[in-house]
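All remarks here apply to the structure that follows.
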Amino acid sequence: MIHVYIETSIRGPNEKDGYGIAIIEKNGNAITTGGPIKSATENKALLVCLKNALRRINSQVSTIIIHTNSKYVEQGLSASGIYQWSEHDWKKSNGKELKYAPHWAAIYEHLIGKEVIVDKEKHSYSKWLQSTLERKEKELKNV
């Protein structure tokens, strides 16, 4: 079982620059990945964080718990989200192309055959993620 914690400094539906971060934790050992994200909405930034974190996970893992406060990510990872979209060529039920389809498709590739649990509760990394993002935002503005 692996835990993935994702967060971004980008807020809202407008595209802007910011920072994204993910923590990947297995058996009490954690690694952090992240970096600047250019011209992204909050939803896109979270998908980029998740996609980048999942790329670092061994394919032999059977369960992934994704910690996020995003309803968008939670709904997207549900049975009526990513799994249906994958069966319908990354289109919504109305036939329109899914926004961020390439990101969802990449995430899906890493989740095939795995149990996925989404946890929206506060966790032990919540404060650390927020303080790190605040610091990174200040660094980006000073560059």
Side-chain angles (χ1 to χ4, degrees), residues 1-140:
M1 178 182 326
I2 286 190
H3 293 263
V4 176
Y5 305 83
I6 58 171
E7 188 58 84
T8 182
S9 64
I10 298 171
R11 296 286 175 248
N14 296 325
E15 289 190 356
K16 52 192 118 185
D17 296 345
Y19 199 87
I21 193 166
I23 298 170
I24 305 161
E25 182 183 56
K26 182 178 181 183
N27 299 329
N29 297 316
I31 60 169
T32 304
T33 182
I37 298 175
K38 300 278 185 194
S39 299
T41 64
E42 180 176 4
N43 291 341
K44 181 180 178 182
L46 288 168
L47 294 180
V48 168
C49 291
L50 181 56
K51 178 178 67 172
N52 290 339
L54 292 173
R55 285 182 177 151
R56 300 185 70 160
I57 295 175
N58 184 316
S59 62
Q60 297 168 352
V61 171
S62 61
T63 303
I64 300 174
I65 302 173
I66 299 168
H67 301 267
T68 180
N69 59 5
S70 168
K71 189 171 189 162
Y72 174 77
V73 172
E74 177 187 35
Q75 290 176 338
L77 292 173
S78 71
S80 62
I82 196 169
Y83 301 99
Q84 282 191 355
W85 300 329
S86 70
E87 293 175 1
H88 296 101
D89 201 28
W90 303 106
K91 292 186 175 28
K92 295 191 244 180
S93 59
N94 63 7
K96 292 186 178 180
E97 173 122 0
L98 177 68
K99 193 169 187 175
Y100 312 127
H103 295 290
W104 282 115
I107 289 166
Y108 176 76
E109 290 299 316
H110 294 286
L111 299 179
I112 294 172
K114 295 173 177 56
E115 177 185 15
V116 177
I117 300 166
V118 178
D119 182 1
K120 288 186 64 188
E121 299 296 318
K122 288 207 177 262
H123 48 76
S124 59
Y125 293 110
S126 295
K127 287 183 181 178
W128 183 87
L129 284 168
Q130 286 304 315
S131 65
T132 300
L133 288 170
E134 288 170 11
R135 189 177 79 251
K136 293 293 185 180
E137 270 294 299
K138 287 178 186 172
E139 290 173 10
L140 286 174

- Item | Plane angle bin for Y5 and Y125 - parallel if under 30°, tilted between 30 and 60°, otherwise perpendicular | perpendicular
- Task: Please answer whether the main-chain N or O of E121 pairs with a side-chain N or O of D119 as donor and acceptor at a distance below 3.5 Å.
- Result: yes
- Item | Nearest-0.5 Å distance, CD1 of residue I24 to CD1 of residue I64 | 9.5 Å
- Message: How close do K91 and W85 get, counting heavy atoms only, and between which atoms?
- Response: O-CD1, 3.6 Å
- Item | Side-chain (K16) to main-chain (R11) donor-acceptor, under 3.5 angstrom | yes
- Query: Any salt bridge between R135 and E139, counting N to O under 4.0 Å?
  - Reply: yes
- Query: Under 3.5 Å, is there a donor-acceptor pair between the side chain of E42 and the main chain of G12?
  - Reply: yes
- Which atoms form the tightest heavy-atom contact between I10 and T41, and what is the distance? CG2-C, 3.7 Å
- Task: Name the orientation class of the two ring planes belonging to Y108 and Y83 (parallel below 30°, tilted from 30 to 60°, perpendicular beyond 60°).
- Result: perpendicular
- Could you state the interatomic distance from OG1 (T132) to CD1 (I23), rounded to the nearest 0.5 Å? 7.5 Å
- Of all the heavy-atom pairs spanning S70 and L46, show the shortest one and how long it is. CB-CD1, 3.5 Å
- Query: If you look at every heavy atom in A22 and C49, which pair is closest and at what distance?
  - Reply: CB-O, 4.0 Å
